[in-house]
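Accompanying notes for the structure given below.
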Amino acid sequence: MQRAKRIAAIPPYLFAEIDKLKAAARARGVDVIDLGIGDPDKPTPEHVVEALAAAARDPATHRYPPYEGLSELKQAIARWYDERYGVKLDPENEVLVLIGSKEGIAHVFWAFVDPGDVTLVPDPAYPVYRTGTLLAGGRPYTMPLTPERGFLPDLTAVEPEVAEQAKLLFLNYPNNPTAAVAPPEFFAEVVDFARRHNIIVCHDFAYCETTFDGYRAPSFLATPGAKEVGIEFNSLSKPYNMTGWRVGFAVGNKEVLAALSIIKTNVDSGVFDAVQLAARAALTGPQDIIERMNKIYTGRRNVIIQGLNSLGWRLEPTKATFYVWAPVPAGYTSKEFAALLLEQAGVNVAPGNGYGEQGEGFFRIALTVDEDRLAEAVKRLRQAGITFAGKR
Ligand SMILES: *Cc1c(COP(=O)(O)O)cnc(C)c1O
């Protein structure tokens, strides 16, 4: 059987080896503390589940949904953006409902990238920016994210010929996997860069509401001129503990959304109306879940950061996302260190190189287990003699 060349272009799944080690440890009876997966552990709010149940009982929801999304949901999204980020959107042509933001992120490349076209993608990053480019036959150009620059790409380091060729630029703040945040000045620089080089900006705002210690993350679209150059992907998944529901949206530039919509009308038929009505209930109903979850993540963050710092790391408290991105001790690769944690402490973390070459030398912890388990993980590291200075 001959697979399409576009599949061969996809890099091998870098977590495969660590997943095997994790399964083997579990088979040996090890009580593995899994800090590898970024998926909220708490349930969706009850009123959202109720809204789904009620809507599912209404036969009016049982037919094909409208392609671009239910008007009721698009209006709720526009209001939510205005209230939270001060961004005005026309619900009819500046909002597009997606089957989770991942779907839209993967498809936007098909709308703008022809074979051989260049995209600008950060590294480390959510892998879909790179693989989405490759599937469309494009060439991803890496923008390294380094601790020295606060994990913001250096746009002045993009060679002029590359900038001239590039069709799309992807960004994600608050950032997965580094937990970095972007100041509004950086977004202003992005708008200027995109205008000068005629590049479409796609900002992934998946962690829009997962913020701590009074920090509020700005929407890229709140930057003057942003709507002329780009769109923002957003999702119910992380703020409302709804990863399994598969509902997200893109907002912003209407020509970009119209092109993405052409791909979608030929690939899918939208999100179940009942799920869209439940999403509207999440956006318009009680919002206490956001503060409640952020308090939980803050407590967990403190346990991990204080815990790792007591073992020799020097991590600053993160302002957003439910991740901690930490360097591995000298003498280890990311993969070796992740394997060591699993073998000697029964703790699973994500090796940083799974998010790109620049992630080598780091590991990612997801704060999606309870505080006592995180404290137990730190205790096991201490008992195994694992510190930032290396192995005892
Ligand atoms: C979780 C995540 C997504 C995908 O979210 P869905 O809406 O569930 O598809 C997109 N981008 C980043 C950076 C994420 O971490």
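Because the structure is predicted, anything quoted here is derived from the model rather than measured. Both ligands and their constituent atoms are indexed starting at 1 by order of listing. For this chain, numbers begin at 1 and follow the sequence in order. Both backbone and side-chain heavy atoms feed into the values below; hydrogens, waters and symmetry mates do not.
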Discussion item. So Arg280 and Leu283, do their side chains get closer than 4.5 Å, heavy atoms only?
Written reply: no

Worksheet, complete the sentence: So for Tyr207 against ligand 1, with non-hydrogen atoms under 4.0 Å, the contacting part is side chain

Item to complete: Could you tell me whether Ser101 approaches ligand 1 through its side chain, its backbone, both or neither, with non-hydrogen atoms closer than 4.0 Å?
Response: both

Discussion item. Under a 3.5 Å threshold, yes or no: a donor from one side chain and an acceptor from the other, between Asp58 and Thr61?
Written reply: no

Worksheet item: Quick check: does Lys102 get an N/O under 3.5 Å from an N/O on ligand 1?
Response: yes

Worksheet, complete the sentence: salt bridge (Lys or Arg N to Asp or Glu O under 4.0 Å) with Glu209: of Arg216, Arg292, Lys238, only one passes, and it is Arg216

Worksheet item: What do you reckon, are the aromatic ring centroids of Phe205 and Phe220 less than 6.0 Å apart?
Response: no

Response to the item:
Between Trp325 and Leu315 the two heavy atoms that sit nearest each other are O-CD2, 4.2 Å

Fill in: For atom 8 (O) of ligand 1, the protein heavy atom that lies nearest, with its residue and separation
Ser237 OG, 2.6 Å

Discussion item. I'd like to know if the side chain of Asp39 pairs up with that of Thr243 as donor and acceptor (distance under 3.5 Å, no hydrogens or angles considered).
Written reply: yes

Response to the item:
Residue, atom and distance of the protein heavy atom nearest atom 7 (O) of ligand 1 read Ser235 OG, 2.6 Å

Worksheet entry | Asn176 N/O to ligand 1 N/O under 3.5 Å | yes

Worksheet item: Looking only at side chains, do Glu94 and Tyr81 share a donor and an acceptor under 3.5 Å apart?
Response: no

Practice prompt. Heavy-atom contacts with Asn172 under 4.0 Å: which atoms of ligand 1 show up? List them by number with element.
Written response: 13 (C)

Worksheet item: Should you measure from each heavy atom of Arg246, which atoms of ligand 1 turn up under 4.0 Å away?
Response: 6 (P), 8 (O), 9 (O)

Fill in: Proximal ligand 1 atoms for Lys238, defined as those under 4.0 Å from one of its heavy atoms
1 (C), 2 (C), 3 (C), 14 (C), 15 (O)

Worksheet item: So which heavy atom in the protein is nearest atom 11 (N) of ligand 1, and how far is it from that ligand atom?
Response: Asp204 OD2, 2.6 Å

